[in-house]
Amino acid sequence: DTGVSQDPRHKITKRGQNVTFRCDPISEHNRLYWYRQTLGQGPEFLTYFQNEAQLEKSRLLSDRFSAERPKGSFSTLEIQRTEQGDSAMYLCASSPAGPDTQYFGPGTRLTVL
Amino acid sequence: RKEVEQDPGPFNVPEGATVAFNCTYSNSASQSFFWYRQDCRKEPKLLMSVYSSGNEDGRFTAQLNRASQYISLLIRDSKLSDSATYLCAVERSGYALNFGKGTSLLVTP
């Protein structure tokens, strides 16, 4: 399968714990995006990378959130000191350069107890 | 005003019906527009891009009206398998997307 992959698919954690998610984009896609989706809402933009450079962060991305893409391939999204409001589906997408189709991964569903 | 707004739905239609979804966007500088389909608890999947001239893919037709900042999706001859949530997506800066809340479609026998 050469699509976008995400790991883990599900994560249950206790409030206050740190969590890290991984996204592996489609190879040769140099743009990588993170979105968050809660029930009944569309995906909300969090941040995006072009190669290893993080070019934009949404105001939704508080100081507790950090994302990296160290070698311009896979990316990680870390949430520190999780809160119940962080419970959501975290979606990763990738695309080639330019205004092109974004392909989404299956998402990581986070539940904060 | 939200960046992207869609008909709230849900739309319940019988098989074979024609159904239309509407979407408005606020950023007049946006250049790329898409319709995604999302099944329950799955990731969004691209249904079609939307071009100024309008485009058609089988039973699906998408239209863009830049002057009114309005996008539409028409589904003809609805199938049971068309039941899903349809998300309108509009380019924001850096080619990331702003999505609407989605419109739920249920096609019944």
Side-chain angles (χ1 to χ4, degrees), chain A residues 1 3-6 9-10 21 23 25-26 29-51 53-61 67 69 75 88-111, chain B residues 2-10 21-27 29-52 55 57 62 64 66 71 73 84-106:
Chain A
D1 186 351
V4 179
S5 62
Q6 293 187 245
R9 296 289 302 278
H10 304 273
F21 309 141
C23 170
I26 295 171
H29 280 190
N30 60 10
R31 287 183 179 257
L32 185 148
Y33 308 83
W34 285 100
Y35 295 86
R36 181 177 72 185
Q37 187 174 24
T38 53
L39 197 62
Q41 303 293 319
E44 297 173 292
F45 169 73
L46 293 178
T47 189
Y48 89 96
F49 293 83
Q50 179 165 316
N51 299 313
Q54 186 174 18
L55 297 186
E56 185 181 354
K57 293 192 288 187
S58 160
R59 67 181 186 281
L60 293 175
L61 217 64
R69 193 182 183 197
S75 175
M89 173 78 88
Y90 289 84
L91 292 161
C92 175
S94 71
S95 72
D100 210 327
T101 303
Q102 293 184 26
Y103 296 89
F104 282 82
T108 295
R109 186 170 297 280
L110 173 66
T111 302
Chain B
K2 289 189 177 294
E3 298 275 354
V4 180
E5 297 202 59
Q6 291 185 243
D7 289 349
F21 303 140
N22 302 316
C23 172
T24 57
Y25 62 95
S26 60
N27 184 358
S30 295
Q31 296 295 318
S32 302
F33 310 88
F34 306 92
W35 283 101
Y36 279 80
R37 171 193 168 128
Q38 186 171 31
D39 293 294
C40 188
R41 302 182 77 82
K42 299 285 190 180
E43 73 272 23
K45 293 191 175 179
L46 180 72
L47 182 64
M48 55 199 311
S49 303
V50 187
Y51 305 118
S52 295
N55 47 305
D57 182 3
L64 167 64
R66 286 187 184 273
I71 304 160
L73 176 68
T85 296
Y86 291 82
L87 296 162
C88 173
V90 176
E91 178 216 349
R92 53 175 289 146
S93 59
Y95 310 122
L97 299 172
N98 284 327
F99 284 87
K101 284 189 176 182
T103 301
S104 176
L105 172 66
L106 178 63

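Below, all heavy atoms of this structure are taken into account, side chains as well, without hydrogens, waters or symmetry copies. Proteins get letters first, then strands, A, B, ... in listed order; numbering begins at 1 in each.
- Both the backbone and the side chain of B:Leu97 come within contact range of chain A, judged by heavy atoms closer than 4.5 Å.
- Between A:Gln6 and B:Glu43 there is no side-chain heavy-atom pair separated by less than 4.5 Å.
- Considering only residues two or more places apart in sequence or on other chains, B:Gln6 meets the side chain to side chain donor-acceptor pair (under 3.5 Å) condition with B:Thr103.
- Heavy atoms closer than 4.5 Å to chain B are found nowhere in A:Leu55, neither backbone nor side chain.
- B:Glu3 CD to A:Phe45 CZ: the interatomic distance, rounded to the nearest 0.5 Å, is 12.0 Å.
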For a quick test of your reading: what N or O donor-acceptor pairs under 3.5 Å do the side chains of residues 37-44 of chain A make, sequence neighbours left out?
unit_1, atom_1, unit_2, atom_2, d
A:Gln37, OE1, B:Gln38, NE2, 2.9
A:Gln37, NE2, A:Gln41, O, 2.8
A:Gln37, NE2, B:Gln38, OE1, 2.9

